[in-house]
Protein chains: 2
Amino acid sequence: MTTERGSATIKDVAAAAGVGIATVSRVFSGTGAVSDRTRERVLAAARELDYRPSALGRGLRLRRSGGIGLVVPDVTDPFCAGLVDGVLACARSLGEHLVLDAAHGDPAREAEIVDRLVEQRLDGVIALPAATGSGEGWRAAVRSGARVVFADRALPGLHEIPAVLADDRSGVRALVEYLVGLGHRRIAFLGAAAPGAAAGVRERAFRDTLAELGVTPDEGLIVSARPARDSAYAAAAGLLQRRTDVTAVLAAGHLLGEAAVLVARELDLRVPADVSIAMVDDVPWAELCDPPLTVVARPAYDMGYRACEMLLRDRPRRAAGPVLLPTELVIRGSCGPPRSPRTASSRATGR
Amino acid sequence: MTTERGSATIKDVAAAAGVGIATVSRVFSGTGAVSDRTRERVLAAARELDYRPSALGRGLRLRRSGGIGLVVPDVTDPFCAGLVDGVLACARSLGEHLVLDAAHGDPAREAEIVDRLVEQRLDGVIALPAATGSGEGWRAAVRSGARVVFADRALPGLHEIPAVLADDRSGVRALVEYLVGLGHRRIAFLGAAAPGAAAGVRERAFRDTLAELGVTPDEGLIVSARPARDSAYAAAAGLLQRRTDVTAVLAAGHLLGEAAVLVARELDLRVPADVSIAMVDDVPWAELCDPPLTVVARPAYDMGYRACEMLLRDRPRRAAGPVLLPTELVIRGSCGPPRSPRTASSRATGR
DNA sequence: CTGAAAGCGCTAACAA
DNA sequence: TTGTTAGCGCTTTCAG
């Protein structure tokens with residue numbers, strides 16, 4: 001009867017099989033050559049003892065843990081979840097495990113997490129970094145030897161860190177073109193207020209595309225909210241109440257889109273008859289909505305997968321600039337021609 | 001100029017600070033006493049070298065990695081995501097990191113994952129185990145020394161593994177009582193087909209409650225689907241087309257609920273005028289739906305948090321039976337009185 | 001093909 | 001208060 005304390009070690013197996021520990025190691029690490037007879041004996045002994053090689057021992061010796069880290073703002077966010085899923089898939093295919101944590105947009109917390117990940121001697125870490133903060137935590141991580149790849153968002157000062165992003169510019173452009181094509185001129189932009197520079201991409205694309213199409217952006221229709229439900233709702237409500245002349249709203253994220261939908265319902269605005277709504281990011285509820293929401297889908301899963309590949313395979317990749325993944329305009333039922341087609345009457349539309 | 005290969009070690013820091021490695025260890029592990037002057041020197045040297053203690057070395061010595069494992073069916077499922085979030089919160093508060101993986105309902109894959117987690121010498125692993133399969137992987141994990149706690153679902157043969165579950169029985173009961181109270185008699189049950197025994201809880205609660213209320217369960221109204229979108233949709237469509245007399249459907253999960261909503265819309269059934277819909281599991285879209293869906297909310301976050309606590313704090317906890325967390329009936333707008341109120345005419349309600 | 005031995009970076013006695 | 005030393009479980013020369 002084996003009264004083990006803790007789990008069996010390579011030494012136990014060696015003893016039980018009557019071989020040296022090196023042989024056991026060879027059997028389990030697949031290295032070197034072992035005769036079939038010996039291998040069988042070792043395997044039998046191991047099975048008997050419920051032996052599992054310790055990743056700790058191996059990791060120490062190999063100086064790598066065989067895992068990667070992933071830090072996202074929030075695992076319950078469908079976009080983040082998709083990203084995690086992609087990373088998980090790639091990591092698994094490469095035989096790595098995943099250490100996950102959520103920073104909830106707090107740079108300090110993020111820095112703590114990164115520190116912790118660095119201590120784990122992970123083979124690399126992928127991050128959808130917090131928009132605020134200096135990114136000093138990331139710089140420090142790189143200094144102490146960590147390999148880092150950003151996903152979905154790159155940080156202003158950190159161009160030495162490779163990144164895989166969605167082509168938001170094209171996505172927003174496609175959406176604006178679609179809306180303008182439908183006849184909309186007074187399109188509102190519901191954006192996220194990000195102290196960092198990166199977040200402005202969508203808003204800039206919005207303005208630029210509008211201008212290119214000969215529509216002068218109306219500053220009063222461009223509002224932004226903090227990335228939280230209440231703030232998003234307040235922004236949407238403020239906008240839709242203040243400006244009854246908007247015919248379409250482009251929400252720059254699913255939280256903003258949710259707010260727009262809720263507010264429209266609250267205000268008894270029919271979609272798309274009274275107001276068209278579209279948003280960036282495809283999420284499950286977009287299809288369940290009535291009418292289903294037209295969106296710009298961003299490849300969350302692919303971004304995760306790609307980031308992981310980049311981290312683990314294309315190691316030397318660097319200054320080539322961020323990888324941009326294509327977005328897709330998914331037209332559903334939430335956008336239509338503007339309320340009062342200028343073809344019918346040209347009287348002021350203010351209600 | 002320090003041209004380090006890999007990261008600095010405790011030895012490097014000791015040398016740079018002119019102290020012994022034990023002192024450095026004391027400074028970083030918080031153990032023992034170190035004079036302020038020495039501590040400062042050590043810290044300065046460490047900072048200079050960008051030193052981070054290696055969790056690998058420490059883990060090997062301490063024979064624990066300071067992390068826990070979590071395996072769920074699918075990280076993109078909102079319920080799972082909530083669970084992960086809860087585990088993350090608790091783990092973080094206890095200073096542990098989280099190794100996450102998804103088994104996608106495949107017992108073989110799950111077994112692989114568990115194997116891998118055991119090798120990591122985690123302090124424990126939490127699982128929302130696959131419904132199918134023998135659970136042999138879990139038994140083996142326990143044998144080789146892993147501490148395991150189940151969340152959301154326990155496995156039939158594994159009563160020695162503690163579990164924290166939602167009180168589904170009460171949840172379904174409350175929902176059925178509510179529906180019957182509204183006047184419904186022909187209530188359909190859309191369940192998930194689970195070869196394992198555990199999944200039957202909701203269906204059993206459905207039947208029992210109905211019976212207690214004097215309503216004979218109609219076998220033709222109890223259907224089940226595989227836990228996938230297409231299967232759920234097919235089941236819902238089949239049901240609603242075949243049985244035009246149902247006045248309410250109780251979906252046993254959010255995928256099923258989604259299917260019911262979609263099918264009802266497809267069939268031009270107004271909710272709740274033509275048919276009432278309610279489901280188990282609260283998810284973001286339930287509120288965005290029109291009308292918002294009445295649901296039984298199950299405490300995903302709490303279950304994760306609790307499971308983690310149980311794993312890390314209440315270590316001896318065992319045979320006391322599973323911990324049941326309360327569910328909550330969230331009444332929104334998707335349920336109303338049945339189509340043809342029996343108060344109007346008393347003609348036979350039999351199909 | 002196999003075994004003995006030397007560490008990987010760290011903590012914990014034990015001495016000083 | 002501090003340094004020395006002996007491993008934790010594993011891989012990997014280097015001999016045999």
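In what follows, chains carry the letters A, B, and so on, assigned in the order in which the sequence lines appear, proteins first and then strands, with residues in each chain numbered from 1.
Residues B:L128 and B:P73 form a side-chain contact, since some pair of their non-hydrogen atoms from C-beta on lies under 4.5 Å apart.
Side chain of B:V19, nearest nucleotide from C:dC10, D:dG3, C:dG3: D:dG3. Proximity note for A:A22 (side chain, C-beta onward) versus C:dC10, C:dA5, C:dA12: the nearest is C:dA5. Listed nucleotides: D:dT12, D:dT11, D:dT2. Nearest to the side chain of A:I10: D:dT11. Minimum atom distance to the side chain of A:T9 is reached by D:dG9, of the listed C:dT2, D:dG9, C:dG9.
With rounding to whole Å, A:R121 atom CZ is found 7 Å from C:dC10 atom P. The CZ atom of B:R37 sits 13 Å away from the C1' atom of D:dT2 (whole-angstrom rounding). Distance, A:R64 CZ to C:dG9 C1': 17 Å, rounded to whole Å. With rounding to whole Å, B:R41 atom CZ is found 15 Å from D:dT1 atom P. Atom C1' of nucleotide D:dT11 and atom NZ of A:K11 are separated by 15 Å, given to the nearest angstrom. Taking atom CD1 on B:I21 and atom P on D:dC8, their separation rounds to 16 Å, with Å as the unit. A:F28 has its CZ atom 9 Å from the P atom of D:dC10, to the nearest Å.
Residues of residues 52-61 of chain B that place a heavy atom closer than 4.0 Å to DNA chain D, in numerical order, are B:L60, B:R61.
Regarding contacts with the backbone of C:dG9, every side-chain N or O of B:S25 stays at 4.0 angstrom or more from both OP1 and OP2. OP1 or OP2 of C:dG9 has at least one side-chain nitrogen or oxygen of A:R63 nearer than 4.0 Å. Remark: B:T23 is in phosphate contact with D:dG3, judged by side-chain N or O atoms under 4.0 Å from OP1 or OP2.
No salt bridge links B:R116 with B:E119; every basic N to acidic carboxylate O contact stays at or beyond 4.0 Å. Ion pairing between a basic and an acidic side chain is recognised when a charged N comes within 4.0 Å of a carboxylate O; B:E40 and B:R37 show no such pairing.
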Verdict with supporting geometry, B:R313 and B:L94, side chain to side chain contact (heavy atoms under 4.5 Å, CB included) | CA-CA 9 Å; B:R313 301 186 71 86; B:L94 266 41; 4.0 Å; yes
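The OG atom of A:S7 sits 8.5 Å away from atom CZ of B:R63, with the distance rounded to the nearest 0.5 Å.
Comparing the helix axis at one end of the helix from C:dC1-D:dG16 to C:dA16-D:dT1 with that at the other, each defined from 5 consecutive pairs, gives an inter-axis angle of 40° (nearest 10°).
A:L62 comes within 4.0 angstrom of the backbone, heavy atoms only, and of no base.
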